[in-house]
2 protein chains.
Amino acid sequence: MADGYHHGNLRAAVLERAARVIEEKGPYGFSLRSLATDLGVSHTAPRHHFGDRQGVLNALATEGFAELAERLRASAGDGGGFLESGVAYVGFAEDRPAHFTVMFEPSLLDLDDAELVAARRSAFAELRSGVRSLGEEVTDEPAAMVAGWSIVHGIATLALTGNLDRSGARDLFEGADLSTITRRSAGLLFGPSGPPESEG
Amino acid sequence: MADGYHHGNLRAAVLERAARVIEEKGPYGFSLRSLATDLGVSHTAPRHHFGDRQGVLNALATEGFAELAERLRASAGDGGGFLESGVAYVGFAEDRPAHFTVMFEPSLLDLDDAELVAARRSAFAELRSGVRSLGEEVTDEPAAMVAGWSIVHGIATLALTGNLDRSGARDLFEGADLSTITRRSAGLLFGPSGPPESEG
DNA sequence: CCTAAATCTTTACAGTGGCAACTTACCGGC
DNA sequence: GCCGGTAAGTTGCCACTGTAAAGATTTAGG
């Protein structure tokens, strides 16, 4: 179904290109119309697949949560502990920066969308089970949950927005890649040789 | 200078209202034109103070970095250690959500703007000096820098975007306020009773 | 073959950002 | 007192964007 009139695979093409545009110019530079023009279709063609602009972003976010859940599941399967789940989290952000950005910016999304809700719930469940795998070593589980999630989310966000570079913090690591930075930094929380005890 | 023709304090009024709009609808929902209409001026009036739309966001970010630097300085002066600097960081994000959002989203900004660069540099310097105050207790200073910054930045970002609520993580704290959550979570990294040793 | 559904196009409209030219008000020097 | 410069604000214009309705094109299935 690609005949000069029908594109054939417009939905996938839009998502792919949207991700690239968002990578380069951010979610606010993303124009549905210019994107359609670039793909050689009329400016309203994407509406039949996504409804409106927000629909494209919702689809990206849903796709993103699904892949994130998958990566976290795989990482847990490898038995690397929560630190490796964190590395997987940051790795996902690095590989899919546009998806990651959109996933966590609710002002871009329709939060009531059923598919999005399901995908996010699934990803969060993986995250929680990663923390729970720390077991009895942790005395304050809510704090461990927030601490673990926040530190990797923080690393991912600061890296993606270029703030790690601009602040000079990245230079301190002398060219180490992001997963190394993540291991050394997040390792201070839940190191490979066991977490610190949480003192009263 | 407020005579029915001249507004009198347009610059401040624009910044204040822009912050409120961004709080409610995000940076994408922020329209320079509707904002001007709401303030009772023509749609091009703000241009004389900010140049263009990006100029408004740059001004917000600059304002934000200045206030953040100030709060970090004050917190360091109180001698609360790095954990209290972190609480101040999250507190700033909670009090000025729009500023915080814009400050760390470079696609919204002109990163070459001299005032913005200076304000950010000043805030980052405060952050670094907070980590340095941890002194010899820390063996891997780059990692401590990134870990400390990331964990509080992560908490702030996840809280502001509502993801702490949506994930159910906030419920685990049974209504505790954000500074308490920050102390308990970030405290696992650099607790009030001293940081964990970073093991080789 | 023929109808229904899916996909894409055309056309239209309101809202937005940016620019140029013009107007109004104040301010400092004479 | 007034006069010219400057800051602040307005009007009108253009290009671009998102959204909507209605029509065109192709495929798929009975």
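Just the heavy atoms: all of them, side chains too, but no hydrogens, waters or symmetry mates, feed the values below. Chain letters run A, B, ... following the sequence lines, proteins first and then strands; every chain starts at 1.
Look at NZ on Lys25(A): it is 12 Å from C1' on dC16(D), rounded to the nearest Å. A straight line from NE2 of His49(B) to C1' of dA8(D) spans 6 Å, rounded to a whole angstrom. To the nearest angstrom, C1' of dG18(C) lies 15 Å from CG of Leu57(B). Separating the CZ atom of Phe50(B) from the P atom of dA7(D) is a distance of 16 Å, rounded to the nearest angstrom. What separates OH of Tyr28(A) from P of dT16(C) is a distance of 17 Å, to the nearest Å. Atom C1' of nucleotide dT7(C) and atom CG of Leu39(A) are separated by 15 Å, given to the nearest angstrom. Atom C1' of nucleotide dT10(D) and atom CG of Leu10(B) are separated by 13 Å, given to the nearest angstrom. The distance between atom CZ of Arg11(A) and atom C1' of dA6(C), rounded to the nearest whole Å, is 15 Å.
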Using a cut-off of under 3.5 Å, enumerate the N/O to N/O pairs linking the protein to nucleotides 19-22 of chain D.
residue: dT19(D); atom: OP2; partner: Arg53(A); partner atom: N; Å: 3.0
residue: dT19(D); atom: O4; partner: Arg33(A); partner atom: NH1; Å: 3.3
residue: dT19(D); atom: O4; partner: His43(A); partner atom: NE2; Å: 3.4
residue: dA20(D); atom: OP2; partner: Arg47(A); partner atom: NH1; Å: 3.3
residue: dA20(D); atom: OP2; partner: Arg47(A); partner atom: NH2; Å: 3.3

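Transitive grouping of hydrophobic side chains (ILVMFWY, heavy atoms separated by less than 4.5 Å) keeps Val87(A) and Phe82(A) in distinct clusters.
Take Glu70(B) and apply the side chain to side chain donor-acceptor pair (under 3.5 Å) test, not counting sequence neighbours, and it matches no residue.
A tilted orientation is assigned to the rings of Tyr89(A) and Phe104(A), their planes being inclined by 30° to 60°.
Closest of all the heavy-atom pairs between Ala59(B) and Arg11(B) is CB-NH2, 4.0 Å. Shown here for Asp110(B) and Asn58(B), the closest heavy-atom pair between the two residues is N-OD1, 2.8 Å.
Using a 4.5 Å heavy-atom cutoff, the side chains of Ser107(B) and Tyr28(A) are in contact.
The phosphate of dG17(C) has OP1 or OP2 within less than 4.0 Å of a side-chain N or O from Ser31(B).
Across all strands, Ser42(A) comes closer than 4.0 Å to base atoms (heavy-atom distances).
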